[in-house]
Amino acid sequence: MSETPRNFIQQIIDADIASGKWGAPGDRSVVRTRFPPEPNGYLHIGHAKSINLNFGLAKEFGGKFYLRFDDTNPAKEEQEYVDSITHDVRWLGADWEGEHGAGLRYASNYFQQMYDWAEELVNKGLAYVCDLSPDEVSARRGTTTAPATSPFRDRAPDESLRLLREMRDGRHPEGSHSLRAKIDLASPNFNLRDPVMYRIVHAAHHNTGTAWHIYPMYDWAHGLEDSIEGVTHSICTLEFEDHRPLYDWFIDAINQGRTDDGSGPWGKKIHHPQQIEFAKFRPNYTVLSKRNLIRMVKDGIVRGWDDPRMPSIAGLRRRGYTPEALRDVALGVGTTKYESVIDLSRIENALRDDLNKRAPRRLAVLRPLKLTITNWHEHGDDARTEQMTLVNNPEDPAYGERSVPFSKHLFIERDDFMLDPPKKFFRLAPGAEVRLRGAYWVRCHDVVRDAEGNVSEVLCTYDPQTRGGSDPPPAPDGTKRKVKGTLHWVSAPHAIATEVRLFERLFSVESPGEATGNFVDDLNPDSLEVLTGCMLEPALAQRTHDEPAWPDEIRRFQFERLGYFCVDKDADARFGGSSSGNTLVLNRSVTLKDSFAKDVQKA
RNA sequence: AGGGGAUUGGUGUAAUGGUAGCACGACUGACUCUGACUCAGUUAGUCUAGGUUCGAAUCCUAGAUCCCCUGCCA
């Protein structure tokens, strides 16, 4: 057995395979899982956990994974969502059974089979047509001590069958009838108080058009979908735990009177999958409910479903998240029945870990401060440009090196200079010497101030002996010069001016809306900061003119000492035509860890 | 209230009657041409009260706290 801990679902499957519950004992390939979204919204990070779980299980056991749309309610579902979900699942790396996007499954493809089974239940006396309106059903639901009631419960099967067919044929208005399972009106589990199986809906369905006037309810449909597809382990979230008796009841009802070999009046037994529930993924500092996400989009709190601050898959993708990071998060938090809270920082760390290994390094200055090398002419003319060689990724030599121009006029980060620095400030200050990453050591000897007296330019001398950023030779007496700080920089005449968007968490409290009842009250007003006039090294703009749609693998970078950034789709749009400008748009995916900032905060 | 679930360091997760372990975080330190990365060390836990047992996170009893359920949504 594997040394890594097995989660409770893996343990169930291990036992099923050992016992031969779904096939020959020991045959792992019988495992079938599925991800069954309703196409009524966009996927979010919680779905990513479910997708990774279901897909991961099928992959681990050598079984099959299906992507199935649970499209049983035409009133809420749209093709747009089918498309976005399909795209997101593929992006997450979950290959569903079937080639190149074929093999998609739809509950609506099984409507006829489901309907046939419904007639069977009517004939068996296990379902009946009820003429109560939705309000009346609700009013007659009963209480924990009093049972529900329906005057139509004992309707003759023949009459129910006639009415059901009329419902199917569109001869009754919405709400006038429903098909109900005859289970137990007194059950303490209200899901069993004769649940509705079919309701009348006169609406066009994105897949079946106007073929149907009745649509199956989730509880009736879901187990049948799983059964038809041969799903072995139907994994869902905790709130469906008290639906499981229903899930089992419906399949048992169909199998009532059926036989293993198909002999007898009702034919062969159908497959009975096992429903297993696990806890949802719940990160702090965000909201995940579909209702709230829709509201944020509709009310303009964010700029759409793919706003980089959104926890939607589309938002995370645009923010610069990788499928690998999301998979690592899902793996890391495990699969249990305990409703844990996932620290947002854990998700950020997963991204850092992934991008640290894979993101090419670049130099960029977000808030530029001029730095001029006043002795540049002593070793050539003032206009001289030197090419510095920097490694693209210290974590992986395969990324190679690049050339970065260096000249008399530079930009450094405004935060990297202080007139009156506190102790342990390893950066630039009057009289201090620092290394410019991969270039030269410079020492500040003066500053230029603007009309308000603020520092507008730092004047430095450089040491030609430190080319490439290397240590200078020791002094004649053997002492070595040291610098504590290394700064990032950009050569001013070569710099590319860009827009950079910085994001913070969308909410300022861990559980938005918990205290006030309205999550909008807890919005972080500073969740978006747009910087213009940021300066990038020229390597970042090399492809912008002839290749507007950057291939995904080169869209993400680490700006040294700042964080991970990715090219936003707005940049692609701007280069869609014969654009002549060099304006890129970048998103900060996540900052680098910053222990100095943390120390400052504590002090 | 009735029904269904859950509870192990700050967070997440193992241990399935036999040494409470791992990861993340935090804190120390080392290293470093990114105050990043990496490395080393430290920190801290079985919801409570009883019981069974040589031995309990695990089994039993009682309690506490939290989540879900009374849509013709999924």
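All heavy atoms count here, side chains included; hydrogens, waters and symmetry mates do not. Proteins get letters first, then strands, A, B, ... in listed order; numbering begins at 1 in each.
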Rounded distance (Å) that lies between atom [atom2] of [N] and atom [atom1] of [X]:
| X | N | atom1 | atom2 | result |
| --- | --- | --- | --- | --- |
| Asp328(A) | rU13(B) | CG | P | 17 Å |
| Leu179(A) | rG71(B) | CG | C1' | 17 Å |
| Leu331(A) | rA14(B) | CG | P | 12 Å |
| Lys593(A) | rC27(B) | NZ | P | 11 Å |
| Glu239(A) | rC66(B) | CD | C1' | 16 Å |
| Asn189(A) | rC68(B) | CG | C1' | 11 Å |
| Asp594(A) | rA36(B) | CG | P | 8 Å |
| Arg244(A) | rC69(B) | CZ | P | 16 Å |

Candidate nucleotides [options], ranked by approach to the side chain of [X] - the nearest:
| X | options | value |
| --- | --- | --- |
| Asp242(A) | rC68(B), rC27(B), rC72(B) | rC68(B) |
| Phe190(A) | rC68(B), rC37(B), rG2(B) | rG2(B) |
| Tyr218(A) | rA74(B), rG35(B), rC37(B) | rA74(B) |
| Ser595(A) | rU34(B), rG35(B), rA74(B) | rG35(B) |
| Phe426(A) | rG35(B), rU70(B), rA74(B) | rG35(B) |
| Asn191(A) | rC73(B), rC69(B), rA14(B) | rC69(B) |
| Glu38(A) | rC72(B), rC73(B), rG25(B) | rC73(B) |
| Asn349(A) | rG25(B), rU13(B), rU34(B) | rG25(B) |
| Lys424(A) | rC73(B), rG35(B), rU34(B) | rG35(B) |
| Phe425(A) | rU34(B), rG35(B), rC37(B) | rG35(B) |

Report yes if the distance between the aromatic ring centroids of [X] and [Y] is under 6.0 Å, otherwise no.
| X | Y | value |
| --- | --- | --- |
| Tyr247(A) | Phe240(A) | no |
| Phe559(A) | Phe565(A) | yes |
| Phe281(A) | His47(A) | no |

### Task
Kindly assign one of parallel, tilted or perpendicular to the pair Trp489(A) and Phe406(A), based on the angle between their ring planes and the thresholds 30° and 60°.
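Correct class here is perpendicular.
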Examine the side chains of [X] and [Y] and answer whether a donor and an acceptor come within less than 3.5 Å of each other.
| X | Y | value |
| --- | --- | --- |
| Tyr440(A) | Gln465(A) | no |
| Tyr115(A) | Glu119(A) | yes |
| Arg361(A) | Asn392(A) | no |

### Strand-adjacent residues in residues 280-293 of chain A, judged by heavy atoms under 4.0 Å from RNA chain B
none
Side-chain N or O of [X] less than 4.0 angstrom from OP1 or OP2 on [N]?
| X | N | value |
| --- | --- | --- |
| Thr336(A) | rU13(B) | yes |
| Lys598(A) | rG35(B) | no |
| Gln275(A) | rG4(B) | no |
| Arg561(A) | rG35(B) | yes |
| Ser345(A) | rG25(B) | no |
| Thr143(A) | rG2(B) | no |
| Arg199(A) | rG71(B) | no |

Given the [atom1] atoms of [N] and [M], what is the spacing between them in whole Å?
| N | M | atom1 | result |
| --- | --- | --- | --- |
| rA15(B) | rU8(B) | C1' | 10 Å |
| rC27(B) | rA44(B) | C1' | 12 Å |
| rC47(B) | rA64(B) | C1' | 7 Å |
| rA62(B) | rC22(B) | P | 37 Å |
| rA14(B) | rA23(B) | C1' | 11 Å |
| rG50(B) | rG17(B) | P | 25 Å |
| rU43(B) | rG5(B) | C1' | 33 Å |
| rU13(B) | rU7(B) | C1' | 14 Å |

Taking only N/O atoms, report every protein-nucleotides 6-11 of chain B pair under 3.5 Å with atom names and distance.
{"residue": "rU11(B)", "atom": "O3'", "partner": "Val341(A)", "partner atom": "O", "Å": "3.4"}

### Task
Mind telling me if rG71(B) is syn or anti? Syn here is a glycosidic angle within 90° of 0.
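The base of rG71(B) is oriented syn (glycosidic angle within 90° of 0).
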Scan [X] against the nucleic acid and name what it touches under 4.0 Å (heavy atoms): base, sugar-phosphate only, or nothing.
| X | result |
| --- | --- |
| Gln558(A) | base |
| Phe240(A) | base |
| Pro39(A) | nothing |
| Gly485(A) | nothing |

### Query
Which dot-bracket string describes RNA chain B (Watson-Crick N1-N3 plus N6-O4 or O6-N4, or G-U N1-O2 and O6-N3, all under 3.5 Å; [ ] crossing; | other strand)?
.((((((..((((....[..))))((((((.......))))))...(((((..]....))))))))))).....
### Query
Between Glu413(A) and Val365(A), which heavy-atom pair has the shortest distance, and what is it?
OE1-CA, 3.5 Å
### Message
Heavy-atom nearest nucleotide on RNA chain B for Thr72(A) versus Gln11(A): which residue maps closer to 5'?
### Response
Gln11(A)
### Task
Would you mind listing every salt bridge (charged side-chain N to carboxylate O under 4.0 Å, His left out) that reaches into residues 186-196 of chain A, with sequence neighbours excluded?
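Qualifying pairs: Arg153(A)-Asp194(A).
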I'd like a table of atom pairs between the protein and nucleotides 18-21 of chain B - only N or O on both sides, under 3.5 Å - with the distance next to each one.
none

### Task
Run the numbers on Asp226(A) and Arg68(A) for salt bridge (Lys or Arg N to Asp or Glu O under 4.0 Å), then give the verdict.
CA-CA 10 Å; Asp226(A) 289 337; Arg68(A) 178 179 75 225; 2.8 Å; yes
### Task
Can you sort out the partners of Glu60(A) under salt bridge (Lys or Arg N to Asp or Glu O under 4.0 Å), two or more places apart, ordered by chain and number?
Arg6(A)
### Query
Is there a donor-acceptor pair under 3.5 Å between the side chain of Thr466(A) and the backbone N or O of Gly469(A)?
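Answer holds: no.
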